[in-house]
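Below is one structure, written out as structure tokens, with a few remarks after it.
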Amino acid sequence: MLGRGEVTEVAPDVFVALGTDVNWTLLREGAELTLVDAGYPGDTDRVLASIAALGADPADVQAVLLTHAHVDHLGAANHLHERYGVPVFTDPVEVAHARRAYLEQAGPADVVRNLARPGVLPWALRIARAGAARKVVLPHAQPFPTDGPLDLPGRPQPVATHGHTSGHTAYHLPAVGAVLTGDALVTAHPTSRRAGPQVLPAMFNHGDPVAALDALAELSADLVLPGHGPVLPMPIANAVAQARGG
């Protein structure tokens, strides 16, 4: 299990870091990086520290890729764009969400309705301190520049996994046999009583999260890098089967 702020190389030139109950991933190719997701606003310094831990500078980040536009995945994106000109890409459907033309995100009322569930109150207090209530808008968010594998460090392949949000995307890394599942499939969450592969509790989902698992099950990958929970060395098809079984 990663400690908060720790950076671990989980596959050649693939690094996972832990923020406030959320993960982000750095893909390295030579001196250049791709950042996939960006933590909460309060995790921005940790994101920058994770880049520095690789001996890199924020200007070495060629792009931020978003799995989706929830606040716990957007935190450092505006800082990197505004200070270093780093572009931010996501699924074409998710661009309007990142620009806040609409919002698909659990709000305070959803949290209050679920406060009796184990783990929800301490989680809510932690994320409040990390900036969960801040209004984060990415007016500069863009759709992926190409179809197929992206011409970015790590050569990530976007995989449409719409369900958690309308434009949620996973990223396949065929060269290392890994898949970044974002919130389409997680391995733990403070508000869940389960451990292991699963979809998030209903209050976080804005479509059919189970149907989104179909695209993941077809991939060739033996390493699961989720948006929440520990990295899981398991064939993604097996992880999907376990998530469906829950």
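Values below: all heavy atoms of this structure, side chains included; hydrogens, waters and symmetry mates excluded. FYI, the numbering just counts along the sequence from 1.
- Between Val136 and Pro41 the shortest side-chain heavy-atom distance falls below 4.5 Å.
- Not counting sequence neighbours, Asp222 has no partner by the side-chain hydrogen bond (donor to acceptor under 3.5 Å, both in side chains) test.
- With rounding to the nearest 0.5 Å, the separation of CZ in Arg194 from CG in Leu200 is 11.0 Å.
- Atom CD of Glu94 is separated from atom OG1 of Thr165 by 3.5 Å, given to the nearest 0.5 angstrom.
- Across every non-hydrogen atom of Val7 and Ser50, the tightest pair is CG2-CB, 3.5 Å.
- The CG atom of Asp45 lies 8.0 Å from the NE2 atom of His79; values are rounded to the nearest 0.5 Å.
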- Can you list the steps and then say if Leu54 with Phe15 is a side-chain contact (heavy atoms from CB on, under 4.5 Å)? CA-CA 9 Å; Leu54 304 187; Phe15 302 84; 3.5 Å; yes

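- Taking Glu104 as the reference, Ser166 meet the side-chain hydrogen bond (donor to acceptor under 3.5 Å, both in side chains) condition, with sequence neighbours excluded.
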- So Thr25 and Val16, side-chain contact (heavy atoms from CB on, under 4.5 Å) or not? Walk me through it. CA-CA 4 Å; Thr25 303; Val16 173; 4.0 Å; yes

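- Linking ILVMFWY side-chain heavy atoms closer than 4.5 Å, directly or via other members, places Val36 and Phe144 in a single hydrophobic cluster.
- Under the side-chain hydrogen bond (donor to acceptor under 3.5 Å, both in side chains) criterion, Thr191 pairs with His189, sequence neighbours left out.
- Here Thr161 pairs with Val159, His168, Ala170, Ala184, Ala212, Ala215, Leu216 under the side-chain contact (heavy atoms from CB on, under 4.5 Å) rule; sequence neighbours left out.
- Interatomic distance, Thr67 OG1 to His73 NE2, rounded to the nearest 0.5 Å: 5.0 Å.
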- Message: Could you walk me through whether Arg244 and Asp214 satisfy the side-chain contact (heavy atoms from CB on, under 4.5 Å) test, starting with their C-alpha distance in whole Å, then the side-chain angles of each, then the deciding distance to 0.1 Å, before giving a yes or no?
- Response: CA-CA 10 Å; Arg244 289 187 184 282; Asp214 290 343; 2.2 Å; yes

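- Of all heavy-atom pairs spanning Leu35 and Trp24, the tightest one is CD1-CD1, 3.7 Å.
- Between the side chains of Ser192 and Gln198, at least one donor-acceptor pair of N or O atoms lies under 3.5 Å.
- For the atom pair Leu225 CG and Leu27 CG, the distance stands at 9.0 Å (nearest 0.5 Å).
- Val95 is not connected to Leu138 by any chain of hydrophobic side-chain contacts under 4.5 Å among Ile, Leu, Val, Met, Phe, Trp and Tyr, and they are in different clusters.
- With a 4.5 Å cut-off on side-chain heavy atoms, Pro197 and Val224 do not count as touching.
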- Could you please spell out the steps behind the side-chain contact (heavy atoms from CB on, under 4.5 Å) verdict for Leu150 and Leu65? CA-CA 10 Å; Leu150 301 177; Leu65 299 181; 3.8 Å; yes

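- Between Val71 and Ile127 there is no side-chain heavy-atom pair separated by less than 4.5 Å.
- A search for side-chain contact (heavy atoms from CB on, under 4.5 Å) contacts involving Ala130 returns Thr20, Tyr40, not counting sequence neighbours.
- A continuous path of Ile, Leu, Val, Met, Phe, Trp and Tyr side chains, each step under 4.5 Å between heavy atoms, connects Leu48 with Val88, placing both in one hydrophobic cluster.
- Under a 3.5 Å cut-off, the side chain of Tyr171 and the backbone N or O of Leu66 do form a donor-acceptor pair.
- When all heavy atoms are compared, the tightest approach of Pro226 to Thr187 is CG-OG1, 3.5 Å.
- Among residue pairs with one or both ends in residues 152-170, those qualifying as salt bridge (charged side-chain N to carboxylate O under 4.0 Å, His left out) are Glu29-Arg155, Asp151-Arg155; sequence neighbours excluded.
- Scanning for side-chain contact (heavy atoms from CB on, under 4.5 Å) contacts around Ala56 gives Leu33, Ile51, Asp60, with sequence neighbours left out.
- Pairs engaging residues 226-238 under the side chain to side chain donor-acceptor pair (under 3.5 Å) rule: Asp72-His228, Asp183-His228 [sequence neighbours left out].
- Of all non-hydrogen atoms in Ala77 and Ala38, the two that sit nearest each other are N-CB, 3.9 Å.
- For the pair Val231 and Pro233, the tightest heavy-atom approach, listed with the atom from each and the gap, is O-CD, 3.7 Å.
- Sorted by first and then second residue, the salt bridge (charged side-chain N to carboxylate O under 4.0 Å, His left out) pairs involving residues 75-92 (not counting sequence neighbours) form an empty list.
- Across Leu213 and Ala243, no two heavy atoms sit closer than the pair CD1-CB, 4.1 Å.
- Panel note: side chain Arg99, backbone Ala141; a donor-acceptor pair is recorded below 3.5 Å.
- For Arg100, the side-chain contact (heavy atoms from CB on, under 4.5 Å) partners two or more places apart in sequence, or in a different chain, are Ala69, Leu74, His97, Leu103, Gln105, Val137.
- With sequence neighbours excluded, no residue satisfies ring-ring contact (aromatic ring centres under 6.0 Å, His included) with His162.
- Take His172 and apply the ring-ring contact (aromatic ring centres under 6.0 Å, His included) test, not counting sequence neighbours, and it matches no residue.
- For the atom pair CG (Leu223) and CG (Leu232), the distance works out to 8.0 Å, reported to the nearest 0.5 Å.
- Side chain of Asn23 to backbone of Gly229: a donor-acceptor contact under 3.5 angstrom is found.
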